[in-house]
Amino acid sequence: MERESMDFDVVIVGAGPAGLSAAIRLMQKAEENEQELMVCVVEKGSEVGAHILSGAVLDPKALTELIPDWKEQGAPLNAAVSSDEVYFLRSEESASAVPGLLFPKTMHNDGNYVVSMGNVSRWLAEKAEAMGVEIFPGFPASHVLYDDNGAVVGIQTGDMGLDEEGQAKDSFMPGMELRAKYTIFAEGCRGHLGKSLISKYKLDEGKSPQHYGLGFKEIWQVPAEQHQPGLVVHTAGWPLTDGATGGGYLYHAEDNQVVCGLIVDLNYSNPHLSPFDEFQRLKHHPVYAKHLKGAKRIAYGARAITKGGLNSLPKMTMPGGFLVGCNAGTLNFAKIKGNHAAMKSGMLAAETIADALKAGDEGQQDLVQYQTAFDASWLYDELYSTRNFGPALHKLGTVIGGAYNTIDQNWFGGKLPFSFKDETPDYASLKPANESKMIEYPKPDGQLSFDKLSSVFLSNTNHEEDQPVHLKLADKTIPLAQNLTQFNEPAQRYCPAGVYEIVEEEAGQKFQINSQNCVHCKTCDIKDPAQNITWVTPEGGGGPNYPNM
């Protein structure tokens, strides 16, 4: 098919903190080097920020490097952290407050801000466009383009106007080829192009398997008298039991809003566990309920989190391309923060590319000097000192692993001469259903806890129904013949949006995919025990439309 083509110096996939920081830094370097650079950012969401979901407490370190006068320029960092509280939840009613000296110093938030990363991304996009960056929202990158030597030469955007069978409708518009000397892949966690690049170039060779969590977030409008601007609460323990790990959070943001959520590590072993229902239970605990009493839930979303850290970090360069941010796995799980790390990794890629082009580079090289710059940065130091944090929790559990991490971080600065590694992929951790404890979840009360469908409604998720299903099964028989018999088909429970169902029909059972519900969390791509599901980009603009997550 004939496709229109546009040429740039750099194409960036993803208008999140990593991609937009890379774009801004490229233009800053171009001015410093007296270069002219053509930079383009493509974003699958309907607008910048529509697909951004993060807690989020932001460490402004990278932002200050990128835009030193961000405060004067009106960056939306308006709720400085005022206090930290950490609790260990012993049961559904009881909790113990953890003194500051007894939890890892990486979880202290002095100097940080409670923010909406969607709004921060929108602000960064304004800055990038003012510098000459072209940003195309609603244009998903569907394929990587390669030259005859196997180097990345850009991306193809997705076709628009295909029906469910992949045939062109009257509204058909072919995707465009956006070609570049270098392409930065900043898709976020489990980006489908990043996944293919890691496989093609064997970027994860010699590394531990990547590990993930599933993060939930809700925004609540609370009565003014309950609002405590800047209060940050973290919890561990209940409701996650039976070897499952993770933790909850509640942050008082600006405008009488409170955000709360739960992160469930996706290495859990009980296939009956439902992360969504664990989150609904969490809100009934007194530590959370007292903040949400009399409040109204106004937003919901879910997103997978890349949390393997340094042990799982792949090689981040390839001929013609870079992986940055959560697409590579730069999140510092010990801090429960990835935005500052994503921004820094994008800035380092931008500096590497700009300097190479200034020196006469014509593109499509493997700029391995990026690794040298990365290793010399504070980001590497952060990830090295916290390399054992996640594996210790996986190996030793919440209590003993947490104690080890506190000693390692607070007394030894992450330099204890031990290395914990988790070599079991998250999808391989499930036990057979008949060997696992059944879990009975209470019905939602409609005040603190809710069902999946009403929650998805609040995410403003929408997909054109007559389009190819973007959740691809390699073998359509596996869900019923293998996953249902062995694991009671866990997709029914690990999906936070009710996408997967086992439906009883006259002809027998059917595995149904309600792809229009998909909030693009990527959990199915990660946790399916047969690795049979592949998430690909739907038609442009589809998915959630988060207003200020």
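The shown structure was predicted, so the numbers you read here are calculated from the model rather than taken from an experiment.
Of the possible donor and acceptor atoms, none in the side chain of Gln221 sits under 3.5 Å from a partner among the backbone N and O of Val258. The backbone N or O of Leu193 sits less than 3.5 Å from a side-chain atom of Ser196, completing a donor-acceptor pair. Side-chain atoms of Lys283 do not come within 3.5 Å of backbone N or O of Leu292 as any donor-acceptor pair. Judged purely by atom type and a 3.5 angstrom limit, Lys437 has no side-chain atom pairing as donor or acceptor with the backbone of Asn270. At distances below 3.5 Å, not a single donor-acceptor pair connects side-chain atoms of Asp59 with backbone N or O atoms of His340. Side-chain atoms of Glu187 come within 3.5 Å of backbone N or O of Gly194 as a donor-acceptor pair. Looking at Lys337, its side chain never comes within 3.5 Å of a backbone N or O of Val57 through a donor-acceptor pair. Looking at Lys522, its side chain never comes within 3.5 Å of a backbone N or O of Ala304 through a donor-acceptor pair. A donor-acceptor pair is defined here as one N or O able to donate and one able to accept, closer than 3.5 Å; no such pair exists between the side chain of Asn514 and the backbone of Gln516. In this structure, the side chain of Ser449 does not engage the main chain of Gln280 through any donor-acceptor pair within 3.5 Å.
Heavy atoms only, all atoms of each residue included: Ser21 and Pro17 are closest at OG-O, 2.7 Å. When all heavy atoms of Leu313 and Leu383 are compared, the pair lying nearest together is CD2-CD1, 4.4 Å. Taking all atoms of both residues into account, the shortest heavy-atom contact from Ala244 to Leu240 is O-CB, 3.7 Å. For the pair Asn483 and Ala530, the tightest heavy-atom approach, listed with the atom from each and the gap, is OD1-CB, 4.1 Å. Shortest non-hydrogen contact noted between Ala334 and Thr386 is CB-CG2, 3.5 Å. Among all heavy-atom pairs drawn from Ser454 and Phe450, the shortest one is OG-CB, 3.8 Å.
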Residue pair Thr245, Asp265: steps toward the side chain to side chain donor-acceptor pair (under 3.5 Å) verdict: CA-CA 6 Å; Thr245 55; Asp265 294 345; 2.5 Å; yes
What's the verdict on side chain to side chain donor-acceptor pair (under 3.5 Å) for Gln492 and Glu501, showing C-alpha distance, side-chain angles and the deciding distance? CA-CA 6 Å; Gln492 301 174 91; Glu501 290 184 278; over 6 Å; no
Side chain to side chain contact (heavy atoms under 4.5 Å, CB included) between His291 and His252: does it pass, once the steps are laid out? CA-CA 9 Å; His291 294 277; His252 282 250; 3.0 Å; yes
I'd like to know whether Leu331 forms a side chain to side chain contact (heavy atoms under 4.5 Å, CB included) with Thr306, so could you lay out the CA-CA distance, the side-chain angles of the two residues, the decisive distance to 0.1 Å, and finally the verdict. CA-CA 7 Å; Leu331 178 140; Thr306 317; 5.6 Å; no
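Once rounded to the nearest 0.5 Å, the distance linking CG of Asp528 with CD1 of Ile478 reads 7.5 Å. Distance NZ/Lys452 to OH/Tyr300: 7.5 Å, rounded to 0.5 Å. Note that CG of Asp525 is 11.0 Å distant from CG of Asn532, once rounded to the nearest 0.5 Å. The OG atom of Ser121 sits 12.5 Å away from atom NE2 of His51, with the distance rounded to the nearest 0.5 Å. With rounding to the nearest 0.5 Å, the separation of NE2 in His143 from OG1 in Thr157 is 10.5 Å. Rounding to the nearest 0.5 Å gives a distance of 8.0 Å between OH of Tyr494 and OH of Tyr268.
His192 has its ring centre no less than 6.0 Å from the ring centre of Phe185.
Here the side chains of Pro60 and Asn112 are in contact, with some heavy-atom distance below 4.5 Å. By the 4.5 Å heavy-atom criterion applied to side chains, Asn517 and Leu453 are counted as neighbours. By the 4.5 Å heavy-atom criterion applied to side chains, Val48 and Leu20 are counted as neighbours. By the 4.5 Å heavy-atom criterion applied to side chains, Glu278 and Phe216 are not counted as neighbours. Leu63 is not listed as a side-chain neighbour of Val120, based on a closest heavy-atom distance of 4.5 Å or more. Residues Pro479 and Tyr500 are not in side-chain contact: their nearest non-hydrogen atoms beyond the backbone lie 4.5 Å or more apart. A 4.5 Å side-chain heavy-atom check between Val499 and Val519 finds every atom pair outside the cut-off. Counting heavy atoms from C-beta on, the side chains of Lys307 and Ile263 never come closer than 4.5 Å.
When the shell of 6.0 Å around NZ of Lys296 is examined, it contains 12 or fewer heavy atoms from other residues, nucleotides or ligands. Atom NZ of Lys169 has more than 12 heavy atoms from other residues, nucleotides or ligands within 6.0 Å.
Counting only N and O atoms by type, the side chains of Tyr212 and Gln210 include no donor and acceptor under 3.5 Å apart. For His227 and Asn256, the side-chain atoms include at least one donor-acceptor pair closer than 3.5 Å.
Taking the salt bridge (charged side-chain N to carboxylate O under 4.0 Å, His left out) definition, one finds that Glu382 meets it with Lys61, Lys335, sequence neighbours left out. Asp159 meets the salt bridge (charged side-chain N to carboxylate O under 4.0 Å, His left out) test with Arg3; sequence neighbours excluded. In this structure Tyr427 satisfies the ring pair (Phe, Tyr, Trp, His ring centres under 6.0 Å) test with no other residue, sequence neighbours excluded. Taking the salt bridge (charged side-chain N to carboxylate O under 4.0 Å, His left out) definition, one finds that Glu47 meets it with Arg122, sequence neighbours left out. The salt bridge (charged side-chain N to carboxylate O under 4.0 Å, His left out) test applied to Lys344 returns Glu65, not counting sequence neighbours.
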Donor-acceptor pairs are to be reported for all side-chain atoms of residues 533-549 against protein atoms at under 3.5 Å, with residues two or more places apart or in another chain.
residue: Glu539; atom: OE1; partner: Gly161; partner atom: N; Å: 3.1
residue: Asn545; atom: OD1; partner: Ser46; partner atom: OG; Å: 2.3
residue: Asn545; atom: ND2; partner: Asn460; partner atom: O; Å: 3.4

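Note: His463 and His470 have parallel aromatic rings, judged against thresholds of 30 and 60 degrees for the angle between ring planes.
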